[in-house]
Amino acid sequence: MTLFKHHNEFAALRKSSTDKGLGLVPTMGALHQGHLSLIERASNENEEVLVSIFINPTQFDAPSDLLRYPTELEADLSKINALNPNCLVYAPQAEDLYGSSVAAKTYDFGLLNQVMEGAHRKGHFQGVATVVEKLFRIFQPQRAYFGEKDFQQLQVIKQLVQQAQLDVEIVSCPIVRTAVGLALSSRNQLLTPSAQNAALELYAALKAAKTLWQQTPYAASLEHIKKRFDQHPEISLEYFEIREETTLEIFDPKHHQHPRAFIAAQLGKIRLIDNLALEKAIPLQHANRSC
Ligand code: PAF
């Protein structure tokens, strides 16, 4: 594993003589098994792998969230090294990416930036897109790896690649969960033990939606799921929505094919998100018919 802090060191550090087969795994560090699964996949699919570790200030809407974000570079480096000792790791200071002006660009991602995370975290996706575009332009990877836990982010990045005409394949990788179903997130380590327990309710609600979705009209199943949180002492639900997964339009079985349930909730000071693909709902008259 080779660490570098200035992007202009990259060319000299590249091992392969061609400019083919670079896989980029952008992260903000505090690496968990979810990140490691991206690095592993990138290592299998590319000649060289570059992991970036940078807590991007322009994507945090709340300064307290940025301050609280875990930093553990030494531990991250040894995890990467154990997985792929040939990895290059770029861990810059903000100035190396942003120069003297640490500010987000303005993009128009339409609905992708207007709902759910876009609505609740103002400016978040502008910041994400800004730093991801910088990384793509500087390192010009052939492939870049992102986890589906941040499913909306994935759609925004795909849109960014189209709009900015960037020549990079976006590889989406499945959510990694604990044995009891909690989606891995660097924020999980900030949860109190009782909030960790309460957090299991997020995945439980998604799974309940998957079951209900087949049997109950859309609005009723949403109401039913939301009610689970009404009296919950530790969870404040921000949203629970079922949307078409690529456009993020509210799912309408007449027009859409790929429903996905999305949830965001606050547990104490920590905000968690999760999502789950649902099967396309069977129209009720068919569902009730016996075979
Ligand atoms: O998903 C993340 O960790 C961040 O949003 C990303 C893509 C590394 C950009 O800072």
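Start at 1 with the first residue, then count along the sequence. What you see is a predicted model, and the numbers here were worked out from it, not measured in a lab. Note that ligands are numbered from 1 as they come in the structure, with each ligand's atoms numbered from 1 the same way.
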Are Arg271 and Asp65 ion-paired here, with the side-chain N under 4.0 Å from a carboxylate O? no
Mark up the atoms of ligand 1 that fall under 4.0 Å of a heavy atom belonging to [X], in ascending order.
X      : value
Gln153 : 1 (O), 2 (C), 4 (C), 5 (O), 7 (C)
Pro26  : 8 (C)
Val131 : 9 (C), 10 (O)

Using a 4.5 Å side-chain heavy-atom cut-off and chaining through intermediate ILVMFWY residues, the residues clustered with Ile175 come out as none
Would you say CG of Asn8 has more than 12 non-hydrogen atoms from neighbouring residues, nucleotides or ligands within 6.0 angstrom? yes
With respect to atom 3 (O) of ligand 1, which of Met28, Lys149, His35, Lys134 exhibits the smallest heavy-atom separation? Met28
Can you tell which part of Ile157 has a heavy atom less than 4.0 Å from ligand 1: side chain, backbone, both or neither? neither
Apply side-chain hydrogen bond (donor to acceptor under 3.5 Å, both in side chains) to Thr2 and list each qualifying residue two or more places apart in sequence or on a separate chain. none
Which heavy atom of the protein is the closest neighbour of atom 4 (C) of ligand 1, given with residue, atom name and distance? Gln59 NE2, 3.6 Å
If you measure from NZ on Lys269 to CZ on Arg68, what distance do you get to the nearest 0.5 Å? 6.5 Å
